[in-house]
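Quick notes on the structure that follows.
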Amino acid sequence: MHIIVCIKQVPDSAQIRVHPVTNTIMRQGVPTIINPYDLFALEAALALRDKLGGEVTVLTMGPPSAEDSLRKALTFGADRAVLLTDRFFAGADTLATTYALATAIRKINDVYGAADIVFTGKQTIDGDTAQVGPGIAKRLGLLQLTYVSKVGSLDLTARTIDVERRSEGGVQVLRTRLPCLVTMLEASNEIRRGTMADALRAARAEVVKWSAQDAGVEDISKCGLRGSPTIVKRVFAPPARAERASMVEFGQEPPADALIKAIFARQPKLEADLAELARGY
Amino acid sequence: MSEVGKTPTPAGRAGTKKELPEHFKAYKHVWVFIEQERGQVHPVSWELMGAGRKLADKLKVDLAAVVIGPNAEVTTQTAAESFRYGADLAYVVADDILSDYRNESYTKALTDVVNTYKPEILLLGATTLGRDLAGSVATTLLTGLTADCTELDVDTDGSLAATRPTFGGSLLCTIYTLNYRPQMATVRPRVMSMPEPVERPVGRIVFHPLGLVEDDIVTKVLSFMPDRDSAKSNLAYADVVVAGGLGLGSPENFQLVRQLAAVLGADYGCSRPLVQKGWAPADRQIGQTGKTIRPKLYIAAGISGAIQHRVGVEGADMIVAINTDKNAPIFDFAHVGIVTDAIRLLPALTEAFRARLSPHSRDRMAS
């Protein structure tokens, strides 16, 4: 079987800094990582391949430096990596992103064999939209399984897949047909340590690089900034509250007592509410 | 995201004049998708009705609820209830095929109603259901969708101004959908306040057919396993919340947060780094990528207060911050702050609250 995993290279958000004067993001020197949610997608794909045979292709769209993330994915055991990179893709919102990725997936299907499953993470840590997976599915006419916590049985003859999907009040057990798109939930598995053989292979492997034209994009106006129905009108730091926190000075008093006194002084009604809650508990 | 270079940047296009194509000018009114799963309306839907009402009033248009569900009383009841939360009318797609949420059938239902009745704004809850559905519907309609908004407003020219955190929650941005309709947005539970329901007569309900039979739908629901009550965290809707951050220093110290929460009858949570480090499970995370809370009292212990955390807690009536760094950003939006080590203060605070709130608790503990 052939599985495609879409990954994204993202800034390690723990290390993002905002310029104090211009309020712009300071990207210089911020290390990049594979979007952590995508690792659950990659592991799910690798596990299926190990069990049922076949190949895993990882795909990303991004600047040339996104090759690092693809090479990392190869060290975990992916068989092939495709980098979609073109300045026409810059500034894409989710709709324009799914146009580019869906086009590239069609091309991968043509060149390397039709994918049975496309995996993505449930969302990225920089955009946080969770829209790209569903958008790709819709554009390619794939059946869509989001927030999957467990991939169950997969029947390649009947071409069906069973999954457990997180919903608001519980877990849905769903059966659908291949080809489909699955977005994986966090903590659904743990990414393997790549083998030494994989690391050596990854170091030598050639990452396939496609421009918009190579990928078969027919309408460049649907890509990047031009192809995005949404525009960012304003980026700003949130306004500070009028007053800062009133700080509790405790001196000789035990700090816990001083703090509780300050809380109830500010909102006397709270004490009765808390007493009731504590009793109920 | 675009990098600054020779190519045009979003800022360069922000001045773009809005010229709505002729065929989109018929799109009017504000809609809220009412999320109903297995007979339960998700509270986020009513929260959105409150936000939608304000947008509709500003635009001087109607607010409509869209209810999709089985052909049963529960669906029409939900539609009737939407009027108590401010709806002027309701669109209903009722078919037994829609008993369980499935992407294929719900996407068809919602897309059809949008194409038939043409709203200018469509709001959905950013839940597992709402995000699954919104992405499919927006892509089908080829329109813009802004996820996880923290603020919704109408611009002077009538455009939806949707504000959300960006860059991993370090900044906010306001996003417009210029030349496409409807303008779609999702909002997470508890970000908007719950409006007070008012007794109002049930208004006009428009029924729309689904136009599908079960055989048209590939995906089948084999079973549904409801969450055990004990496993369910009600963090988003808790009245009192205690949370810990990196200032706790070690995973073992997270129990200090849980102990204080237990004494207060509170729920407990954490900041994002604790989940990333594996000190606490993901469903306990508070902030932009976790839960949004609006408790009466929120105690943040050893949390620095990054923007992505701030947007998740700003709705709290009272925020109490404990941090060793007097310059921590959390003191910019907390109401009461104390500069001290949370690891030492938490056990003392637990004991002090125990003594103050329930003088007999020691006896109970002993028995």
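Naming convention: chains lettered A, B, ... in sequence-line order (proteins, then strands); numbering from 1 in each chain. Heavy-atom basis, side chains included; hydrogens, waters and symmetry copies ignored.
In this structure, the portion of B:Thr143 lying under 4.5 Å from any heavy atom of chain A is its backbone and not its side chain. Contacts of A:Gln123 with chain B are made by side-chain atoms alone, with heavy-atom separations under 4.5 Å and no backbone atom involved. The contact between A:Ile263 and chain B is made by backbone and side chain atoms together, counting heavy-atom distances below 4.5 Å. With a 4.5 angstrom heavy-atom cutoff, A:Leu270 touches chain B only via side-chain atoms. Interface residue A:Phe250: only side-chain heavy atoms are found under 4.5 Å from chain B. Within the 4.5 angstrom heavy-atom criterion, no atom of B:Thr186 approaches chain A. Only the side chain of A:Leu95 comes within less than 4.5 Å of a heavy atom in chain B; its backbone stays farther off.
The line from OG of B:Ser136 to CZ of A:Arg139 is 12.0 Å long, rounded to the nearest 0.5 Å. Between atom NZ of residue A:Lys138 and atom OG1 of residue B:Thr139 there is a gap of 8.0 Å, rounded to the nearest 0.5 Å. Between the CG atom in A:Leu277 and the NZ atom in B:Lys296 there is a gap of 7.0 Å [rounded to 0.5 Å]. B:Leu160 contributes atom CG, which lies 11.5 Å from atom OG1 of A:Thr230 (distance to the nearest 0.5 angstrom). The CG atom of B:Leu172 lies 9.0 Å from the CZ atom of A:Arg234; values are rounded to the nearest 0.5 Å. Interatomic distance, CD1 of A:Ile125 versus CD of B:Gln288, reported as 13.0 Å (0.5 Å rounding).
Of the possible donor and acceptor atoms, none in the side chain of A:Glu168 sits under 3.5 Å from a partner among the backbone N and O of B:Glu37. A:Gln172 places a side-chain N or O within 3.5 Å of a backbone atom of B:Tyr101 that can act as its donor or acceptor partner.
Residue pairs meeting the salt bridge (charged side-chain N to carboxylate O under 4.0 Å, His left out) criterion with at least one partner in residues 130-140 of chain B, sequence neighbours excluded, are A:Arg165-B:Asp132, B:Arg131-B:Asp148.
Partner of A:Arg175 under the side-chain contact (heavy atoms from CB on, under 4.5 Å) criterion, out of B:Thr219, B:Leu222, B:Val221, B:Val218: B:Leu222 alone.
Of all heavy-atom pairs between A:Leu259 and B:Leu345, the closest is CD2-CD2, 3.9 Å. Residues B:Cys173 and A:Val235 come closest through the heavy atom pair CB-CG2, 4.0 Å. Between B:Ala282 and A:Glu186 the shortest heavy-atom distance is CB-OE2, 3.7 Å. Considering all non-hydrogen atoms of both residues, B:Ile338 and A:Pro255 come closest at CD1-O, 3.9 Å. Summarising the geometry of B:Phe224 relative to A:Ser167, their closest heavy-atom pair is CE1-OG, 3.3 Å, with the distance given to 0.1 Å. In plain terms, the two heavy atoms of A:Arg266 and B:Val336 that are nearest each other are CD-CG2, 3.8 Å.
The most heavy-atom pairs under 4.5 Å with chain B, out of A:Thr146, A:Thr97, A:Thr98, come from A:Thr146. Among B:Thr146, B:Thr350, B:Leu142, B:Ile217, the residue with the largest count of heavy-atom pairs under 4.5 Å with chain A is B:Leu142. When each of B:Ala147, B:Pro273, B:Pro329 is checked for heavy-atom pairs under 4.5 Å with chain A, B:Ala147 comes out on top. Between chain B and the residues A:Asp93, A:Val171, A:Leu145, the most heavy-atom pairs under 4.5 angstrom are made by A:Val171. Contact count versus chain A (heavy atoms, under 4.5 Å) is highest, among B:Asn103, B:Val311, B:Ile322, for B:Asn103. For chain A, the option among B:Arg38, B:Arg164, B:Glu35, B:Glu104 with the highest count of heavy-atom pairs below 4.5 Å is B:Arg164. Looking only at heavy-atom pairs under 4.5 Å with chain A, the residue among B:Thr340, B:Val320, B:Asp239, B:Thr163 that has the most is B:Val320. Top candidate by heavy-atom pairs under 4.5 Å with chain B, chosen from A:Val132, A:Thr129, A:Ile136, A:Thr94, is A:Thr129. Annotation: maximal heavy-atom pairing with chain B below 4.5 Å, among A:Thr124, A:Ile260, A:Leu274, occurs at A:Ile260. Of the listed residues (B:Thr140, B:Leu145, B:Leu129, B:Leu297), the one with the most heavy-atom contacts under 4.5 Å to chain A is B:Leu145.
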Checklist entry - Between B:Arg188 and A:Asp128, does a salt bridge (Lys or Arg N to Asp or Glu O under 4.0 Å) hold up when you go through it step by step? => result CA-CA 12 Å; B:Arg188 302 171 66 86; A:Asp128 282 323; over 6 Å; no

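No more than 12 heavy atoms of other residues, nucleotides or ligands sit less than 6.0 Å from atom NZ of A:Lys222. Counting non-hydrogen atoms of other residues, nucleotides and ligands closer than 6.0 Å to CZ of A:Arg159 gives a total above 12.
Taking the charged nitrogens against the carboxylate oxygens, A:Arg166 and B:Asp283 have no contact shorter than 4.0 Å, which rules out a salt bridge.
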